[in-house]
Amino acid sequence: MLNEFRMQLPIFQFREKIIKSIRDNQVIIIAGETGCGKTTQIPQYIYENDPGVKIAVTQPRRVAAMTLAERCSLEKQTKLGQLIGYNVRFDDCTSKDTQITFLTDGMLIREFIIDQQLKRYDVIIIDEAHERTVQSDLLLGLLKNLCRKRKQLKVILMSATMQIEKFANYLETEAIHIIEARTHTVDVYNVPIRQQDYVESMVNTILQLHFTQPEGDILAFLTGQEDIEDVKEILIERMKISTQEKQLDVKMLYSALPPEVQLEAFQKSVHRKVVLATNIAETSITIDGIVYVVDCGYVKIRSFQIGKAIDTLLLAPVSKAQAEQRAGRAGRQRQGQCYRLYTQQTYERLAKYMLPEILRVNLLSVILQMKAIGIQNVLTFDLIDRPDMELMLANLNQLVKLKALDSEFNLTEHGKNMSSLPLEPQFSHFLIKAYECGIYDLALNSISVLQVENLFYFQRGAKESLSKILGKFKIANSDHLTKANILRKYEETQNKKSFCKENCLNHKTLQKAISVKQQLKDYMKRITKKEFEKEDYDKFKQVLSEALMFKHAVYSPSDQAYKLKSTNQLAYIHPESVLFNQKPKYVIYNEVILTKKVYLRDVTEIDEL
DNA sequence: GAGCACTGC
């Protein structure tokens with residue numbers, strides 16, 4: 001039954017022990033580094049031991065769920081979607097025969113909304129729990145509760161070997177298994193003195209490495225598009241004037257890069273390759289052949305400032321766990337090396353772990369989900385880390401104003417409908433109201449494009465300017481309507497690829513917007529029957545303004561900036577807005593975010609507040 | 001004149 005490959009995995013020696021542990025305990029923890037085989041093998045062991053059980057395995061990312069299902073199917077020599085399948089957004093590859101389902105944790109939360117007992121599964125495995133996403137934290141809370149109601153249910157938490165005691169205490173279990181993986185060692189070097197400018201330091205380190213060390217590709221961790229482009233330019237320049245013969249291929253990798261350009265970073269290169277990447281290469285993406293890692297020591301982190309009610313996207317030092325994760329990327333093939341552009345002393349002072357997501361994001365949609373799952377008092381719900389009470393209370397009150405909850409915080413019919421849509425509550429509210437007012441096509445197009453990121457792609461020094469392109473599509477002083485217009489024009493155009501090229505648009509992004517639109521349309525069919533349509537921009541703005549009632553701002557001439565109605569904070573219109581450099585008196589916005597300045601993103605002019 | 005970490009439903 002078990003082929004030789006499977007028997008060689010480190011986890012195999014633990015097979016009997018783990019099966020027994022699952023029999024004896026309701027909740028068990030399995031910790032092991034990547035490569036020990038826990039994710040692919042444990043579900044199969046459970047199935048082989050008791051072929052009647054239905055198993056769910058969650059993953060933070062959709063690609064992981066899909067590839068893992070494929071791998072396991074191959075090992076069991078079954079067709080994908082039969083015995084073993086996956087279920088991710090836009091792609092359900094399961095059947096009535098499916099016993100092992102790999103799914104994203106967001107998907108399992110949606111299943112909780114439909115069936116609060118999750119009766120279709122006998123065993124639930126939460127994988128990569130150490131990543132501490134909002135979804136996996138919430139799932140752990142829900143499963144902890146569910147274990148009291150369903151005594152036969154088995155829950156398995158899988159994670160890297162960190163914070164195990166914390167998970168064990170929280171889940172009240174002593175059944176812990178630690179699996180050693182066979183990974184190659186990575187030699188870590190720190191710079192003796194920290195350089196002021198990590199871009200310069202990065203370039204020097206890469207070149208020195210290139211000219212002195214034996215063959216093997218390099219992965220460099222930077223923080224964003226800007227420093228990646230800087231390093232690339234300088235590297236290419238220095239290589240040109242270098243007297244050394246050895247060539248170096250410079251590739252980039254970050255999520256705003258169109259997928260076809262990202263692919264270049266994976267191709268085998270004749271010369272040594274250096275991939276300049278964001279933390280996308282930390283967990284989401286693996287590049288083969290990496291022997292050297294260079295780590296700048298920083299990462300951009302998005303956090304929600306509770307008092308000011310603004311998001312920030314700022315540079316922060318990495319955590320120790322993150323630095324280890326980055327270094328580990330050098331040891332996947334053979335023994336590797338990691339160069340850190342910071343001192344040993346700086347390393348010692350780093351935080352052990354990054355603050356979990358649930359403690360640093362706005363929780364409006366999570367709280368609506370919790371209410372939809374039937375949690376009476378979300379303020380006292382037992383999560384592994386409790387979010388700020390005042391933030392949750394503020395979120396509850398916002399949901400009351402959006403009529404998702406009544407004054408006693410009970411879920412309304414409208415709230416139930418809102419929670420069924422894969423959108424932020426404001427947008428769910430907007431879409432439902434827009435349907436009722438007969439502006440559904442405009443609203444659907446607008447919301448669909450607003451869901452996707454990186455609509456435009458500008459290479460450094462691109463001829464076409466953003467304002468010129470925006471000018472072509474601009475409608476009614478509104479980013480929301482302008483984006484709806486872009487999607488319409490895209491759909492009407494025959495040659496979509498050249499349309500995108502002309503307008504610096506991202507083809508894959510618009511394709512995704514179309515999938516989103518179709519999905520929203522399908523969901524909306526279950527909520528309302530209304531489908532008459534009129535083209536009324538004023539009505540659109542009126543409904544949007546009501547949905548974004550906490551996101552109004554007024555221009556203050558003395559400050560030359562916008563004053564947010566909610567907090568009196570000053571902010572500027574983002575350069576990617578059609579209203580950039582214009583000064584309409586009243587605006588509504590989707591998001592306020594601090595990067596280099598406090599910016600309002602996706603802005604629409606309105607007549608009055 | 002000036003900007004764009006990463007996931008997920």
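In terms of phosphate contacts, Thr283(A) brings no side-chain nitrogen or oxygen within less than 4.0 Å of OP1 or OP2 of dT7(B).
Within the 4.5 Å cutoff, the side chain of Ser136(A) has no heavy atoms near those of the Glu128(A) side chain. Counting heavy atoms from C-beta on, the side chains of Met66(A) and Phe102(A) never come closer than 4.5 Å. Contact annotation: the side chain of Cys72(A) never approaches that of Ile100(A) to less than 4.5 Å [non-hydrogen atoms, C-beta and beyond].
If you measure from atom CG of Leu364(A) to atom P of dG8(B), you get 21 Å, rounded to the nearest angstrom. In this structure, Met66(A) places its CE atom 15 Å from P of dT7(B), rounding to the nearest Å. For Ile373(A) and dC9(B), the CD1 to P distance is 15 Å, given to the nearest whole Å. Atom C1' of nucleotide dG8(B) and atom CD of Gln135(A) are separated by 5 Å, given to the nearest angstrom. Leu138(A) places its CG atom 17 Å from the P atom of dG8(B), with the value rounded to the nearest Å. Rounded to an integer number of Å, the gap from CD of Glu111(A) to P of dG8(B) is 17 Å. Note: CG (Leu423(A)) to P (dG8(B)) measures 16 Å, nearest angstrom.
Among the protein residues, Arg61(A) comes within range of the sugar-phosphate backbone only, with heavy atoms under 4.0 Å from sugar or phosphate atoms but none that close to a base. Using a 4.0 Å heavy-atom criterion, one finds that Val134(A) contacts no nucleic acid atom at all.
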- prompt: Can you give one letter per nucleotide of nucleotides 1-6 of chain B, going 5' to 3': B for a protein heavy atom under 4.0 Å from the base, S for sugar-phosphate only, - for none?
  reply: BSBBBS
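Side-chain polar atoms of Gln518(A) and Asp522(A) form a donor-acceptor pair below 3.5 angstrom.
Atom OH of Tyr298(A) has 12 or fewer neighbouring heavy atoms from other residues, nucleotides or ligands inside a 6.0 Å radius.
Between Phe499(A) and Phe473(A), the angle of the ring planes goes over 60°, which puts this pair in the perpendicular group of the 30/60° scheme.
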